[in-house]
Amino acid sequence: MSEEKDTFHFSYSAKQQEEIRRIREKYVAKEENKMEQLRKLDESATRPGTIAAIIVGIIGALLLGIGMCCTMIWAETMFLPGIVIGVAGIVVVAAAYPLYTHITKKRREKLAPEIIRLTDELSKQG
């Protein structure tokens, strides 16, 4: 008589399963849950202010640099205009943070009803 052994073979690879999951996620339609919506709304409240403040800060820093260049390199002819340009650059850099707070405050006021609604729904679920 021949003896047949019933065996069970199982192979598991966490790395392979993770790759399968990532590939699958690309093709499955995503359904956004409320927590993800809340995070995106919160991020969208600060993003425009951040972008504007960075742009204004960079422009101010460039003006300050141009003013310094005028006073140091062309001191004979451009000293006074260089000081004026440099001070203007300092003022523009100093205006970046108030600009950020103003834009962010306005965006938060605009998004507040939706964020409050989502937080109420999420706190009732938990």
Side-chain angles (χ1 to χ4, degrees):
M1 275 195 174
S2 68
E3 256 184 64
E4 292 183 23
K5 293 185 178 181
D6 290 330
T7 59
F8 178 75
H9 294 284
F10 179 76
S11 65
Y12 176 79
S13 168
K15 189 175 182 180
Q16 184 180 21
Q17 293 297 324
E18 179 64 26
E19 184 178 1
I20 290 169
R21 186 191 58 76
R22 275 186 283 138
I23 292 171
R24 179 179 168 85
E25 283 180 1
K26 292 178 188 177
Y27 297 97
V28 174
K30 284 191 175 183
E31 188 175 305
E32 199 173 76
N33 66 20
K34 290 183 187 333
M35 193 62 197
E36 288 175 13
Q37 288 176 346
L38 184 62
R39 284 185 187 117
K40 284 183 180 180
L41 279 173
D42 185 44
E43 184 180 325
S44 72
T46 58
R47 180 176 285 146
T50 301
I51 292 170
I54 288 172
I55 290 170
V56 168
I58 289 171
I59 291 170
L62 289 172
L63 282 174
L64 179 60
I66 290 170
M68 286 175 53
C69 183
C70 289
T71 58
M72 296 171 81
I73 303 298
W74 304 297
E76 300 85 29
T77 59
M78 297 292 288
F79 187 77
L80 211 52
I83 289 176
V84 172
I85 293 170
V87 170
I90 291 171
V91 169
V92 172
V93 167
Y97 183 70
L99 178 68
Y100 165 78
T101 56
H102 175 74
I103 292 173
T104 302
K105 181 180 175 186
K106 292 292 182 187
R107 291 284 297 171
R108 284 184 177 153
E109 288 173 0
K110 181 181 173 185
L111 295 173
E114 181 67 16
I115 289 176
I116 298 298
R117 184 187 66 76
L118 280 172
T119 54
D120 287 344
E121 287 180 20
L122 286 170
S123 59
K124 287 177 186 175
Q125 288 177 359

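All values below were derived from every heavy atom in this structure, side-chain atoms included, with hydrogens, water molecules and symmetry-related copies excluded.
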So how far is it from Thr119 OG1 to Met35 CE, rounded to the nearest 0.5 Å? 10.0 Å

What distance do Ile115 atom CD1 and Arg39 atom CZ have between them, rounded to the nearest 0.5 Å? 13.0 Å

Kindly compute the distance separating CG (Asp120) from NZ (Lys124), expressed to the nearest 0.5 Å. 6.0 Å

Should Leu38 and Leu122 count as side-chain neighbours, where that means a heavy-atom distance under 4.5 Å? yes

In this structure, OG1 of Thr50 is separated from CD of Glu43 (nearest 0.5 Å) by 9.5 Å

Stepwise, does the side-chain contact (heavy atoms from CB on, under 4.5 Å) test hold for Leu118 with Leu41? CA-CA 10 Å; Leu118 280 172; Leu41 279 173; 3.6 Å; yes

Matching residue for Lys110 among Arg108, Glu114, Arg107 - test: side chain to side chain contact (heavy atoms under 4.5 Å, CB included): Arg107

So, taking the atom named CD in Gln16 and the one named CD1 in Ile20, what distance separates them when rounded to the nearest 0.5 Å? 4.5 Å

I need the minimum non-hydrogen distance between Tyr100 and Ala53, along with the two atoms involved. CB-CB, 3.7 Å

Distance-only, no hydrogens or angles: does the Thr101 side chain make a donor-acceptor pair with backbone N or O of Pro98 under 3.5 Å? yes

List, by chain and number, the other hydrophobic cluster members for Leu63, where Ile, Leu, Val, Met, Phe, Trp and Tyr join if side-chain heavy atoms come within less than 4.5 Å, directly or indirectly. Ile51, Ile55, Val56, Ile59, Ile66, Ile85, Val92, Leu99, Ile103

So do Gln17 and Arg21 actually touch side chain to side chain, heavy atoms under 4.5 Å? no

Connected via hydrophobic side-chain network under 4.5 Å: Val91 and Tyr97: no

Let me check something: any side-chain donor-acceptor pairs from residues 68-77 under 3.5 Å, sequence neighbours excluded? List them with distances.
| residue | atom | partner | partner atom | Å |
| --- | --- | --- | --- | --- |
| Thr71 | OG1 | Gly67 | O | 3.3 |
| Thr71 | OG1 | Met68 | O | 2.9 |

Check Glu121 with Arg117, please: is the shortest side-chain N to carboxylate O separation under 4.0 Å? yes

All salt bridge (charged side-chain N to carboxylate O under 4.0 Å, His left out) counterparts of Glu19, not counting sequence neighbours: none

